[in-house]
Number of protein chains: 2
Amino acid sequence: MRLTSFTDFGLRMLMRMAGDPSRAFTSAELAGNLGLSRNHLAKIIQHLARAGLIETRRGGGGGAMLARPAAEIRLGQIIRLLEEGRPLVECFGSGGGTCSIDARCRLKTRLRSAEAAFLDDLDRSTLADIALTPLEKTPGTLVVPQ
Amino acid sequence: MRLTSFTDFGLRMLMRMAGDPSRAFTSAELAGNLGLSRNHLAKIIQHLARAGLIETRRGGGGGAMLARPAAEIRLGQIIRLLEEGRPLVECFGSGGGTCSIDARCRLKTRLRSAEAAFLDDLDRSTLADIALTPLEKTPGTLVVPQ
DNA sequence: CTTGAATGGGTATTTATAATACCTATTAAC
DNA sequence: GTTAATAGGTATTATAAATACCCATTCAAG
């Protein structure tokens, strides 16, 4: 049971963006933060942008930012998007009609239920719950600039 | 979010064995049923045997059979065994101490909770619930031999 | 006690897919 | 126009899963 690093990086990127939701992040900055190549991260950004989760702007001063408040983005939704096209077992995929057991298989139902339990559990938290701030800026606390 | 075919085959093999719990299955027979090589299936059998879920006997008339009644084997337990060593995300693995966020990461807790929800849901069913019988042998029903 | 059926277990190879890198087009700001 | 930035396709590399093969070990039956 494994999530791809594509998903892992996507989540961490969103955590960072949620920590500073008012500004745009360039893909180069985020890639630097996460320690991977800009090109690779761009793929993740594009995927999330097409799904409407983030908005991107080209040109000078451009970058990516959350399309909605972090508190309105549920973790299960993020993972559903990022793990799209990677079915739990082969027979759940698009070409999965080749199983010899098929109709007599009582396992499928159980696996679908468990998968739903996984995602439902994640849906109990939002991106705001896991936002990552670069500096502690708790109200009432004095922050010494670096 | 994906299970390996190793796990998938392991589950289907156990389903078949649970359908006829009194007899031993040779790895060749099971491999034929499932449509994969005997050698590959043998790896799965060995893994489950080491974990004590099934028992194997060498020599003529040998083979593998369930070590316990199917009704006492929970699906979550099977998947935990078969997916051993394949962490949900990289940082859950043995060498996963390299994350730069680490202490500030509030995602880990959520993922662990969701993973537990997945396995707990599976633990609500046992192998007996998904046993696969080659012929319908419902009590009271006349079965015509092939 | 010999033979054949069966697993045990290591190693090597193939294949699939994830991850990365690179290049060019497009867009917007100044 | 020039520069900064994303968009998106394609090619390459790396990793891991899946498969195949080999030989040792064990056990049962005749």
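Just so we're on the same page: letters track the sequence lines, and every chain starts at 1.
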Throw together a table of side-chain donor-acceptor distances under 3.5 angstrom for residues 36-46 of chain B, partners on residues two or more places apart or in other chains.
{"from": "Ser37(B)", "atom 1": "OG", "to": "His40(B)", "atom 2": "N", "distance (Å)": "3.2"}
{"from": "Arg38(B)", "atom 1": "NH1", "to": "Ser27(B)", "atom 2": "OG", "distance (Å)": "3.2"}

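- Distance CZ (Arg86(A)) to P (dA17(D)): 15 Å, rounded to an integer number of Å.
- The shortest distance between the side-chain N/O atoms of Thr26(A) and the OP1/OP2 oxygens of dA4(D) is not below 4.0 Å.
- Taking atom CE of residue Met13(B) and atom C1' of nucleotide dT7(C), one finds them 13 Å apart after rounding to whole Å.
- Contact annotation: Ser27(B) side-chain N/O to dT7(C) OP1/OP2 distance is under 4.0 Å.
- When distances are taken from the side chain of Thr4(B) to each of dA5(D), dA17(D), dG8(C), the shortest belongs to dA17(D).
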Footprint string (nucleotides 21-30 of chain C, 5' to 3'): B base within contact, S backbone only, - free, heavy atoms under 4.0 Å = BBB--BBBS-
Would you be so kind as to tabulate the donor-acceptor pairs closer than 3.5 Å made by side chains of residues 57-70 of chain A, with sequence neighbours excluded?
{"from": "Arg68(A)", "atom 1": "NH1", "to": "Glu72(A)", "atom 2": "O", "distance (Å)": "3.3"}

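- With sequence neighbours excluded, the residues satisfying side chain to side chain donor-acceptor pair (under 3.5 Å) with Asp123(B) are Arg80(B).
- In this view, Arg23(A) and Asp20(A), Glu29(A) satisfy the salt bridge (charged side-chain N to carboxylate O under 4.0 Å, His left out) rule, not counting sequence neighbours.
- With sequence neighbours excluded, the residues forming a side chain to side chain contact (heavy atoms under 4.5 Å, CB included) with Asp129(A) are Ser125(A), Thr126(A), Arg110(B), listed by chain and number.
- Not one side-chain nitrogen or oxygen of Arg50(B) sits closer than 4.0 Å to the OP1 or OP2 atom of dG8(C).
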